[in-house]
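Comments concern the structure below.
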Amino acid sequence: TGDGFIDGNITGSNELLIQKSSGEGTPAFGTSNVAVFQNNDSSQDASIAIIAADSKKSQIHFGKHDDIDVGGIRYFHEDHGTNPDQLHMRVNGGIAGIFAPVLTSKRGLRLGDNTNVSGSEGDLLSIQGNLGGNGLTISSSAGTRIRFKRGANNNNHLFEYFTGGIRKWSLGNAGES
């Protein structure tokens, strides 16, 4: 159990195969594979770990001939200065989706043009909640939102519309007091 190193030009081969186990056999590889990581022992999973410092990010870039990171997946670790504990999906050079804390104690999916959307920029889609909270909230950063609210332990079922953080109208049963 020592370290192994590959040194030199491997471009002459069809692909790089890193194989821990072929317990269930080896599939026919596709013609576009550059690297294959295989561990199909029936008692083990297969994974690839990309390790970064606590204040940095682990990432996979999807590139083309003139742009090495036009798309990608980026995980910002807990001590990152601007995006702690967030997973970003990038498309065409910009953020296409963010998995991150939406509120202090909740996780969710945020879609928008920036991770730090100010009060006057961009739209934000927040999918969050559980049976006791807001089932689905669609909101903009300026306080305009549509909320589908379902109470878990009462008859509170509402479709609400807010502008500027103020409820303008609602449709449904506000529940019993």
Side-chain angles (χ1 to χ4, degrees), residues 1-130 133-141 145:
T1 61
D3 294 335
F5 298 95
I6 297 175
D7 187 16
N9 185 350
I10 62 169
T11 58
S13 66
N14 290 333
E15 60 208 14
L16 174 63
L17 172 62
I18 299 176
Q19 186 180 64
K20 183 175 180 184
S21 167
S22 62
E24 295 179 346
T26 300
F29 298 130
T31 58
S32 64
N33 294 336
V34 175
V36 174
F37 302 90
Q38 183 179 5
N39 184 26
N40 59 343
D41 181 306
S42 62
S43 66
Q44 296 179 351
D45 295 325
S47 60
I48 298 171
I50 301 174
I51 311 299
D54 291 352
S55 62
K56 297 297 183 181
K57 60 186 173 282
S58 298
Q59 53 195 339
I60 299 172
H61 294 299
F62 302 108
K64 57 183 187 166
H65 77 282
D66 61 351
D67 192 345
I68 196 168
D69 64 351
V70 68
I73 301 169
R74 297 176 177 178
Y75 184 81
F76 295 83
H77 297 284
E78 63 196 33
D79 293 337
H80 191 271
T82 56
N83 303 308
D85 287 328
Q86 294 184 16
L87 177 70
H88 292 200
M89 308 296 287
R90 293 178 51 82
V91 175
N92 197 23
I95 297 171
I98 301 169
F99 292 87
V102 175
L103 300 173
T104 22
S105 62
K106 297 182 180 180
R107 303 283 185 231
L109 170 64
R110 298 186 305 169
L111 300 175
D113 61 351
N114 197 332
T115 58
N116 298 311
V117 180
S118 72
S120 62
E121 296 177 10
D123 290 330
L124 175 74
L125 171 62
S126 169
I127 301 172
Q128 62 193 41
N130 54 36
N134 299 322
L136 174 64
T137 300
I138 302 172
S139 66
S140 75
S141 55
R145 70 180 182 266

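In this text, all values refer to a predicted model and were calculated from it rather than measured experimentally.
- Looking only at side-chain heavy atoms (C-beta outward), N92 and V70 come within less than 4.5 Å of each other.
- At least one side-chain heavy atom of I73 sits less than 4.5 Å from a side-chain heavy atom of F62.
- Between R74 and H61, some side-chain heavy-atom pair lies under the 4.5 Å cut-off.
- E78 and H80 form no side-chain donor-acceptor contact under 3.5 Å, judged by distance and modelled atom types alone.
- N39 approaches A46 most closely through the heavy-atom pair O-CB, 3.8 Å.
- When side chains are defined from C-beta on, H77 counts as touching S58, because their heavy atoms get closer than 4.5 Å.
- Annotation: side chain of Q38 is not in contact with side chain of S21 (no heavy-atom distance under 4.5 Å).
- Between D79 and P84 the shortest side-chain heavy-atom distance does not fall below 4.5 Å.
- Distance CD/Q59 to CZ/R90: 9.0 Å, rounded to 0.5 Å.
- Closest heavy-atom contact between F76 and N83: CB-O, 2.9 Å.
- When the shell of 6.0 Å around CD1 of I68 is examined, it contains 12 or fewer heavy atoms from other residues, nucleotides or ligands.
- Nearest heavy-atom pair, I98 versus I95, reported as atom, atom and distance to 0.1 Å: CG1-CG2, 3.5 Å.
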Please determine whether side chain to side chain contact (heavy atoms under 4.5 Å, CB included) holds for the pair I50 and Y75, giving the CA-CA distance in whole Å, both sets of side-chain angles, and the decisive distance to 0.1 Å.
CA-CA 10 Å; I50 301 174; Y75 184 81; over 6 Å; no

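- Side-chain contact between D41 and K20: absent, with no pair of heavy atoms (C-beta onward) separated by less than 4.5 Å.
- Look at D69 and K64 and you find no salt bridge, because none of the NZ, NE, NH1 or NH2 atoms lies under 4.0 Å from a carboxylate O.
- Using modelled atom types and a 3.5 Å distance limit, the side chains of D45 and S47 yield no donor-acceptor pair.
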